[in-house]
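Notes to accompany the following structure.
Residues take their numbers from the sequence shown, with the count starting at 1.
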Amino acid sequence: MIKTNAIINEFKLYIGLPSVASPLKDISLAALTSLLSTLCVIYFSQLFLSYMNIAEHVSYNTYVVVSIAATSVLVFAVPHGALSQPWQVIGGHMFSAFIGVLCWKYLGNNLVAR
């Protein structure tokens, strides 16, 4: 007869939950550093946009923050993961920026380009 714990452990592995729980200290540190890095990006992007007198683009800051927040969670919560390596992080943001500039250049400043 199969034990209940074995079934639960198999289910956890199947849905991607780790079999060994991370210490609370590591989880707290990852959450804090992700929050601080995201707040720094918000602050410096607002500072840069106000310095450059680009008040109309301040609302676009939300799209940047979503991307940076997701990246900071990956980098700080799973620092040794395949998607947290410098090449994937920098290359992914550079590729996304390139596609965004192409959309703005060829589609114009309308809802489709945003």
Side-chain angles (χ1 to χ4, degrees):
M1 184 172 237
I2 300 175
K3 293 184 179 182
T4 308
N5 286 339
I7 294 172
I8 292 173
N9 287 338
E10 281 294 322
F11 181 72
K12 284 182 180 179
L13 289 174
Y14 181 73
I15 63 173
L17 292 176
S19 58
V20 178
S22 298
L24 183 61
K25 179 182 173 185
D26 290 347
I27 295 171
S28 301
L29 185 63
L32 181 65
T33 52
S34 295
L35 177 67
L36 288 176
S37 65
T38 304
L39 290 175
C40 285
V41 167
I42 293 171
Y43 174 75
F44 286 116
S45 64
Q46 292 289 337
L47 186 70
F48 176 74
L49 290 173
S50 65
Y51 176 74
M52 297 297 290
N53 292 327
I54 310 174
E56 65 206 30
H57 297 292
V58 174
S59 65
Y60 299 138
N61 192 26
T62 306
Y63 301 119
V64 173
V65 169
V66 169
S67 173
I68 295 298
T71 301
S72 68
V73 167
L74 277 176
V75 169
F76 293 115
V78 190
H80 299 293
L83 297 175
S84 302
Q85 300 307 308
W87 173 250
Q88 282 82 1
V89 171
I90 294 169
H93 283 288
M94 293 299 287
F95 183 73
S96 297
F98 177 72
I99 295 298
V101 170
L102 282 179
C103 288
W104 173 76
K105 176 110 172 117
Y106 292 110
L107 297 176
N109 191 11
N110 56 31
L111 186 60
V112 176
R114 294 180 195 166

Worksheet item: Counting N and O atoms only, with roles assigned by atom type, does the side chain of Thr33 sit under 3.5 Å from a partner on the main chain of Ala30, one being a donor and the other an acceptor?
Response: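 Checked: pair present.
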Item to complete: Output yes when a side-chain donor or acceptor of Ser34 lies under 3.5 Å from a complementary backbone atom of Ser72, and no otherwise.
Response: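 Yes; at least one donor-acceptor contact below 3.5 Å.
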Worksheet item: How long is the span from the CG atom in Leu39 to the OH atom in Tyr43, to the nearest 0.5 Å?
Response: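 If we round to the nearest 0.5 Å, Leu39:CG and Tyr43:OH are 12.5 Å apart.
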Worksheet item: Hey, what do you get for CZ (Phe76) to CG (Asp26), rounding to the nearest 0.5 Å?
Response: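 Taking CZ in Phe76 and CG in Asp26, the distance rounds to 14.0 Å.
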Worksheet entry | Member of His93, Met94, Gln88 meeting the side-chain contact (heavy atoms from CB on, under 4.5 Å) criterion with Ile90 |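 For Ile90, the side-chain contact (heavy atoms from CB on, under 4.5 Å) check succeeds only for Met94.
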Discussion item. Is there a continuous path of hydrophobic side-chain contacts, each under 4.5 Å between heavy atoms, that joins Val89 to Ile99?
Written reply: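 They do not share one cluster, since no chain of ILVMFWY contacts under 4.5 Å joins Val89 to Ile99.
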Worksheet item: For the hydrophobic clusters of this structure (ILVMFWY residues joined by side-chain heavy atoms under 4.5 Å, transitively), does one cluster hold both Phe44 and Leu36?
Response: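 No, Phe44 and Leu36 fall in different hydrophobic clusters.
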